[in-house]
Amino acid sequence: MGAPRKGVARGAGSPRVDAATASLLRGALLPWFQESARDLPWRRSRDPYAIWISEAMLQQTRVGAVLGYWQRFLDRFPDARRLAEAGDDELMAAWSGLGYYRRARALRDAARVLVEHHGGLLPADPAALAALPGVGPYTAGAISSIAFGLSEPVVDGNVARVFARWFELEAPVGSAELARRAWALAAELVPPAAVGAEGPGAWNQALMELGATLCGPRAPECGPCPVAALCAANRTGRQTELPRPKARAAPVEVELELAVARRRGDLLFVRRPEGRSMGGLFELPTRELAPGAGPTRLFEAQWPLPGLAVDDWPSVGELRHAITHHRIRARLLAAEFSGEVAVQGARELLWCTPSRARELPLSGLAKKALTRLARG
DNA sequence: AAACCGGGGCG
DNA sequence: CGCCCAGGTTT
């Protein structure tokens, strides 16, 4: 997500929310949140440090995964001073299994900054927070609003999706444009700081709660949604179409020929070279046909088995396969051998029955080819 | 702007 | 297997 652009003049086409709409949205969402918010342990804390830890753990990580870590981490590192002295081993032990381990080191580095420059406490100011390692626009806004009650916006994946539906934003998921518009909307919608310091934090959490529960990536549940009547996508029936999926690079069309070389019930396999994609996996001898713009990287140097004159072999079938952004059409060419097959090249060859081949590390395409051959 | 980090859950 | 997740940092 991009950074908030507070105070920047908005150009034409940027979203605006009038005060009446903002009021309706808050009046619909906040009571729902108070009623049905999940009882997450970090929501019971008012300690900025503890809230910071939860936000760091929740970066690109599901609530369910964090549940088992947050309290144990706090038991071991109850405040910034203790965290600043954490050794690598105990730090990693406390984080092990959460992924994105850079976050843990950033947390400790930030704790050292806190001890050195902020008296061991978290600042409330989002700019000061964002200057800490591992704290970006989202986390700065979250701590500032949730822990300190400041009127600061927050946009995560949930909020961007919710806004895309509320306001029919057409920019695709993950795009800079959607982030920019979502931040602008969040800044307009976040309520002013309340006396009880509950307003902005509750609002931000309510937005994320809606995105995490009812307004999920697919199959949003608009029936029970408290905001359905105010949601543009719900009114036009586009709630499952928005936000638009990420524009994906067009898949590369690949045409392959696979050699089904048989000898007394065995099939010939070759092993892909180590260190490249699918390295070490076995596959059928393969060549690529008429590559449009040079050989496809996934398959270059995969042929030549000069002993196999596949040009003369009859086709026994065709199959389709998809790898990342490649769409593959593979023709199966079969021939029967009796004696030795003279194959040049250093790559490892293996004659093996189809059933035993099932125990080999096969490429997905080879597995599919075996299944096809077994079915006849 | 895009790549990278990274593990799990789910359809 | 691809998508998605309470993102941030680096190039």
Side-chain angles (χ1 to χ4, degrees), chain A residues 1-4 33 37-38 40-43 45 50-70 92 95-107 109-110 126 129-147 152-164 171-180 182-183 186 200-213 215-220 240 243-249 251 278 320-328 362-365 367-368:
Chain A
M1 287 297 129
F33 179 64
R38 292 169 294 177
L40 306 177
W42 44 89
R43 285 185 176 158
S45 173
I51 291 169
W52 171 43
I53 301 299
S54 77
E55 291 299 342
M57 289 184 168
L58 285 162
Q59 288 166 10
Q60 290 296 113
T61 307
R62 292 172 188 276
V63 164
V66 173
L67 283 175
Y69 285 84
W70 182 71
M92 286 309 157
W95 202 268
S96 171
L98 267 182
Y100 284 104
Y101 295 91
R102 188 171 54 185
R103 291 181 294 174
R105 297 182 204 281
L107 224 33
D109 293 345
L129 287 166
L132 297 170
V135 179
Y138 164 77
T139 307
I143 297 172
S144 192
S145 64
I146 297 171
E152 291 294 331
V154 145
V155 173
D156 71 343
N158 288 312
V159 178
R161 178 174 58 253
V162 167
F163 285 173
V173 162
S175 67
E177 183 184 350
L178 181 58
R180 185 168 42 77
W183 276 105
W203 170 255
N204 287 335
Q205 292 185 79
L207 280 174
M208 294 189 279
E209 184 82 358
L210 186 68
T213 57
C215 201
R218 41 201 161 208
T240 59
R244 285 177 40 207
K246 189 175 307 192
R248 199 169 307 286
M278 299 181 278
R320 297 184 163 282
H321 188 63
I323 300 176
T324 325
H325 62 292
H326 298 310
R327 185 156 42 222
I328 301 168
L362 291 177
S363 73
L365 182 56
K367 204 172 295 182
K368 196 173 285 189

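Keep in mind that what you see is a predicted model, and the values were worked out from it rather than measured. Here is how names work: the chains are called A, B, and so on, in the same order as the sequence lines, proteins then strands, and each is numbered from 1.
Without hydrogens or angle criteria, A:Asn204 side chain to A:Glu152 main chain gives a donor-acceptor distance under 3.5 Å.
Considering only heavy atoms from C-beta on, A:Val173 stays 4.5 Å or farther from A:Pro245 through its side chain. Inter-residue side-chain proximity for A:Leu129 and A:Trp52 is flagged as unmet; no heavy-atom pair is nearer than 4.5 Å. No side-chain heavy atom of A:Trp42 sits less than 4.5 Å from a side-chain heavy atom of A:Ile146.
For A:Met92 and B:dG7, the CE to C1' distance is 15 Å, given to the nearest whole Å. When rounded to the nearest whole Å, the span between CG of A:Leu58 and C1' of C:dG8 equals 14 Å. Rounded to a whole Å, the CD atom of A:Gln60 is 16 Å from the P atom of B:dA3. Nucleotide B:dG7 holds its P atom 16 Å from the CE atom of A:Met57, rounded to whole Å. Rounded to whole angstrom, the span from the CG atom of A:Asn158 across to the P atom of C:dC3 amounts to 19 Å.
Residue contacts shown for A:Val159 are absent, as no nucleic acid heavy atom lies under 4.0 Å away. Among the heavy atoms of the strands, none lies under 4.0 Å from A:Ser54. Within 4.0 Å of A:Trp95, counting heavy atoms only, lies no atom of the nucleic acid at all. Using a 4.0 Å heavy-atom criterion, one finds that A:Leu40 contacts the bases of the nucleic acid, with or without backbone contacts as well.
Comparing C:dA6 with B:dA3, their P atoms sit 23 Å apart, to the nearest whole Å. When the P atom is compared between C:dT9 and B:dG8, the two are found 24 Å apart, to the nearest whole Å.
Heavy-atom contacts from other residues, nucleotides or ligands closer than 6.0 Å to NZ of A:Lys367 number 12 or fewer.
Contact check, A:Thr61 against B:dG8: no side-chain N or O comes under 4.0 Å of OP1 or OP2. For C:dG7, the OP1/OP2 oxygens have no side-chain nitrogen or oxygen of A:Gln59 closer than 4.0 Å.
Residues A:Gln59 and A:Arg103 bring no donor and acceptor atom of their side chains to less than 3.5 Å of each other.
Applying the side-chain contact (heavy atoms from CB on, under 4.5 Å) test between A:Met57 and each of A:Leu67, A:Leu98, A:Val63 identifies A:Leu98 as the sole match.
Distances from the side chain of A:Arg218 to the nucleotides B:dG11, C:dG8, C:dA6 place B:dG11 closest. Nearest to the side-chain atoms of A:Arg38 among the listed nucleotides C:dA6, B:dA1, C:dC5 stands C:dA6. Comparing atom distances between the A:Thr139 side chain and each of C:dC3, C:dG7, C:dA6 picks out C:dG7 as nearest.
Both A:Ala65 and A:Arg102 lie close to DNA chain B; mapped to their nearest nucleotides by heavy-atom distance, the more 5′-ward contact belongs to A:Arg102.
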>> Could you spell out the base pairing of DNA chain B as a dot-bracket line? Use Watson-Crick and G-U wobble contacts where both distances are under 3.5 Å, [ ] for crossing pairs, | for partners on a different strand.
In response: |||||.|||||
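Evaluation of atom-type donor-acceptor distances gives a pair under 3.5 Å for the side chain of A:Arg62 against the base of C:dC4.
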> Passes side chain to side chain contact (heavy atoms under 4.5 Å, CB included), A:Tyr138 versus A:Val154? Steps please.
Replying inline: CA-CA 5 Å; A:Tyr138 164 77; A:Val154 145; 3.3 Å; yes
